[in-house]
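Read the structure below first, then the notes.
For the single chain, residues carry numbers from 1 onward in sequence order. Hydrogens, waters and symmetry mates are skipped; everything else that's a heavy atom, side chains included, is used. Order of listing sets the numbers, starting from 1, for every ligand and every atom in it.
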Amino acid sequence: ENRWSLHGATALVTGGSKGIGQAIVEELARLGAKVHTCARNQQELDKALLHWQSLKLDITASVCDVSSRTEREELMEKASSLFQGKLNILINNAGTSLYKTALDIKEEDYKFLMSTNLESAFHLSQLAHPLLKASGEGNIVFISSVGGFVGFPVSSVYGTTKGAMNQLTRNLALEWAKDNIQVNSIAPGPIITPLLLSYFDAKDSIRNVENMGVPLGRAGEPVEIATVAAFLCMPASSYITGQVIVVDGGMTACRF
Ligand code: NDP
């Protein structure tokens, strides 16, 4: 067995048409996994699929809004039929943010963030459990955030979804260890994606990215999260479970 390969593994990655999810999909496929992904926007998904076909990567995709319970069930049925009921990897990546102060958050805003970021990750993990168990070697990776550890302005509910996700990581790791399912989480710092750029558009200048108190002196690239996600799914990391790995250029090293 090659400890540094994903050859023959099957993977479901949510939110793969852009940003961090897209980089994870590509990294897993390059390392030999068969990957299925989803997003809400069909056109962007089709564009990504064309790109992956040109790279000869084994990637399929379908439209799914992970904030919908029925759509999550349909997504897992799709993955199950594609991979004959066996899944090695579930990456709960789809997520979003609203840049509003706590007092400006409306009831719909709260529900939208909770269902998109947290309920989706919990329910998809539940739905994936039989498939992960059947594969014999299962891995769940949550894409959390440094916002789940430290406070940032205008992200109270976002930070809450990610803090809860960090705790969910430890609980599921404990419950599902007997089924040989490892459960870990990655907490990225600022990563250059459409989501981060939309925040800086809102705050005038992308130059702010360079001024975020990151000791490495720059924002991260999506691939710098994707490589860690791939590692967590490889036999190389077979003794790591229940952990939240911070990947933030040192941003929170001086804040705990
Ligand atoms: P982007 O907005 O750039 O990309 C998000 C991806 O998820 C897109 O493919 C999007 O496609 C999809 N998506 C969003 N909502 C849904 C939904 N309801 N159902 C299905 N797919 C969905 O975000 P990032 O790549 O920046 O973020 C990915 C994850 O990383 C998120 O969980 C985010 O919280 C986390 N993160 C990001 C950081 C950053 O600095 N960028 C920092 C820390 C954490 P579509 O819109 O078509 O649905």
Atoms of ligand 1, numbered as shown, that sit under 4.0 Å from any heavy atom of Ser144: 35 (C), 36 (N), 43 (C), 44 (C)
So for atom NZ, which belongs to Lys178, do other residues, nucleotides or ligands contribute more than 12 heavy atoms lying within a distance under 6.0 Å? yes
Kindly identify the option in Ile91, Ile24, Asn93 whose heavy atom sits closest to atom 29 (C) of ligand 1. Asn93
Across all chains, not counting sequence neighbours, the side chain to side chain contact (heavy atoms under 4.5 Å, CB included) partners of Ser155 are Phe152, Tyr158
Option set Thr37, Val247, Leu75, Thr193, criterion heavy-atom distance to atom 41 (N) of ligand 1, minimum: Thr193
Listing request: all ring pair (Phe, Tyr, Trp, His ring centres under 6.0 Å) pairs with a residue in residues 109-136, at least two apart in sequence or in separate chains. His129-Trp176
What do you reckon, is CD of Glu71 surrounded by more than 12 foreign heavy atoms closer than 6.0 Å? yes
Starting from atom 34 (O) of ligand 1, which protein heavy atom do you reach first, and at what distance in Å? Tyr158 OH, 2.6 Å
Are Arg40 and Ser67 linked by a side-chain donor-acceptor pair shorter than 3.5 Å? no
Near Thr116 (heavy-atom distance under 4.0 Å), the atoms of ligand 1 are 18 (N)
For ligand 1, the portion of Lys162 having any non-hydrogen atom under 4.0 Å away: side chain
State whether a side-chain donor-acceptor pair under 3.5 Å links Glu175 with Asn171. no
Using a strict 4.0 Å cut-off to heavy atoms of Ser17, name the atoms of ligand 1 that fall inside it. 8 (C), 9 (O), 11 (O)
Give the numbers and elements of all ligand 1 atoms closer than 4.0 Å to a heavy atom of Asp65. 17 (C), 18 (N), 19 (N)
Where on Pro190 is there a heavy atom closer than 4.0 Å to ligand 1, on the side chain, on the backbone, on both, or on neither? backbone
